[in-house]
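Report on the following structure.
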Amino acid sequence: MRKQIVAGNWKMNKTFSEGIDLINQIIEKSSSVKDVQLIVAPPSILTNEAAKYLENKNIGLAGQNCANHSQGAYTGEVSAAMLKSAGANYVILGHSERRAFYHETDEKIREKIKLCLENNLRPIVCCGEVLKERENNEHFEIVAKQIKGMFEGISAEEFKNVIIAYEPVWAIGTGKTATPEQAQEIHQFIRETIKNSYGSEIANNLSILYGGSCKPSNAKELFTKPDVDGGLIGGASLNADDFIAIANSF
Ligand code: 13P
């Protein structure tokens, strides 16, 4: 059956020493976590050092983004191969902050997904609607369009390594969480959409994470929903106790 996953997206937070401190706190407290895959996604400058601490610890290590080119004259970018060589095994792709602030399109995200898969990195691919789209009841349509655009040309064999995160933009960093019913309804829709493209076995094995103001106080009710397989956590992942409490909410 599919894996339950709790991943921490640190975004642009923590200096080098603060980051290593947080990694060590998470390692120490993670012994209480059973049957849940923990993943941390620190800023890329920390990836290699974090990998040393995480060796043999059964905690995944993710990049927060990668370039849509394999190498070359792209100043400031970090490639999938670089992340892999630094010790990452996952990469968050298509986060709404990347879409909004850095103009990422579904097509660009698709290029990144390809590069991650070629480099043996599992992509955690984000989708989700903005507030206006939710108010206009367009969220199903928007998410379906994002999924179609991001996975076009990705084979079933490749897709087996994909994780999806549904992150309604209106819930990110706002303190406003989707209700468990809202999350379940759209997660089920995502699984159905994947089933139509890749078949039921792949759809049933796909982990779909919820992201958006997920915290210890609301994780339990979200995670009881059958199609919510865990969380992609922002703010609350910067505190080791909260992050671990979320992982222990299943
Ligand atoms: P918050 O948990 O801070 O709302 O962020 C969610 C998120 O964007 C994770 O990728």
Side-chain angles (χ1 to χ4, degrees), residues 1-66 78-93 95 97 116 119-126 161-165 167 172-173 207-220 222-223 228-250:
M1 223 9 212
R2 54 185 176 261
K3 246 196 160 40
Q4 294 175 323
I5 298 172
V6 170
N9 176 8
W10 295 10
K11 309 192 180 183
M12 197 177 73
N13 291 293
K14 303 291 174 190
T15 61
F16 200 86
S17 59
E18 289 167 352
I20 295 307
D21 191 42
L22 178 55
I23 290 280
N24 281 317
Q25 285 182 42
I26 290 170
I27 291 170
E28 196 190 308
K29 294 169 199 284
S30 67
S31 56
S32 65
V33 178
K34 304 279 177 265
D35 302 323
V36 177
Q37 177 65 60
L38 287 175
I39 301 172
V40 288
S44 63
I45 197 161
L46 269 159
T47 306
N48 191 236
E49 191 68 8
K52 293 177 195 161
Y53 288 90
L54 292 173
E55 207 178 338
N56 304 320
K57 292 290 191 286
N58 203 18
I59 297 175
L61 179 59
Q64 295 177 11
N65 176 38
C66 74
V78 174
S79 73
M82 289 172 192
L83 284 167
K84 183 69 189 180
S85 69
N89 25 42
Y90 301 84
V91 183
I92 298 169
L93 292 178
H95 193 279
E97 288 150 17
C116 280
N119 284 283
N120 243 332
L121 287 159
R122 294 189 65 186
I124 303 171
V125 181
C126 305
N161 289 310
V162 169
I163 296 161
I164 289 185
E167 298 208 313
I172 297 177
S207 297
I208 307 176
L209 315 183
Y210 168 79
S213 298
C214 185
K215 41 189 185 258
S217 58
N218 59 29
K220 210 181 197 98
L222 285 160
F223 294 173
V228 179
D229 306 311
L232 180 55
I233 319 299
S237 74
L238 298 173
N239 176 292
D241 286 320
D242 287 351
F243 185 56
I244 296 299
I246 292 170
N248 281 327
S249 296
F250 282 98

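- Listed for the R2 side chain is no donor-acceptor partner under 3.5 Å among the backbone atoms of S207.
- When only modelled atom types and interatomic distance are considered, E167 and H95 share a side-chain donor-acceptor pair under 3.5 Å.
- The closest donor-acceptor contact from the side chain of Q37 to the backbone of I5 lies at 3.5 Å or more, if one exists at all.
- To the nearest 0.5 Å, atom CG of residue N239 and atom CD1 of residue I233 are 12.5 Å apart.
- Shortest non-hydrogen contact noted between S237 and L22 is O-CD2, 3.9 Å.
- Y90 places no side-chain N or O within 3.5 Å of a backbone atom of I92 that could act as its donor or acceptor partner.
- With a 4.5 Å cut-off on side-chain heavy atoms, L61 and P42 count as touching.
- Contact check for P123 versus V91: no side-chain heavy atoms found under the 4.5 Å cut-off.
- A distance of 12.5 Å separates OG of S31 from CG of N58, quoted to the nearest 0.5 Å.
- Considering V6, V36, L222 as possible partners of I246, the one that fulfils the side chain to side chain contact (heavy atoms under 4.5 Å, CB included) test is V6.
- Between the N24 side chain and the I20 main chain, a donor and an acceptor come within less than 3.5 Å of each other.
- In this structure, the separation between SG on C126 and CG on L93 is 8.0 Å, given to the nearest 0.5 Å.
- For the atom pair CD1 of I164 and CG of L232, the computed distance is 12.5 Å after rounding to the nearest 0.5 Å.
- The nearest pair of heavy atoms linking I39 to A62 is CG2-CB, 3.8 Å.
- When all heavy atoms of F16 and I45 are compared, the pair lying nearest together is CE1-O, 3.6 Å.
- Judged by distance alone, the side chain of K84 and the main-chain N or O of N120 form a donor-acceptor pair under 3.5 Å.
- Taking both residues in full, the closest heavy atoms of W10 and G19 are given as CH2-O, 3.4 Å, listed atom of the first, atom of the second, then distance.
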Should I124 and N9 be marked as a side chain to side chain contact (heavy atoms under 4.5 Å, CB included) after you check the CA-CA gap, both sets of side-chain angles, and the distance that decides it?
CA-CA 11 Å; I124 303 171; N9 176 8; over 6 Å; no

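- Note that CD1 of I27 and OH of Y53 are 9.0 Å apart. Values are rounded to the nearest 0.5 Å.
- Looking only at side-chain heavy atoms (C-beta outward), M12 and P43 stay at 4.5 Å or farther from each other.
- Closest of all the heavy-atom pairs between S30 and I244 is CA-CD1, 3.9 Å.
- Between I23 and K57, every side-chain heavy-atom pair lies at or beyond the 4.5 Å cut-off.
- From N119, atom CG reaches atom SG of C66 across 8.5 Å, with rounding to the nearest 0.5 Å.
- The nearest pair of heavy atoms linking G60 to L54 is O-CD1, 4.4 Å.
- V40 is listed as a side-chain neighbour of F243, based on a closest heavy-atom distance under 4.5 Å.
- Using a 4.0 Å cut-off between charged nitrogen and carboxylate oxygen, D241 and K29 count as a salt-bridge pair.
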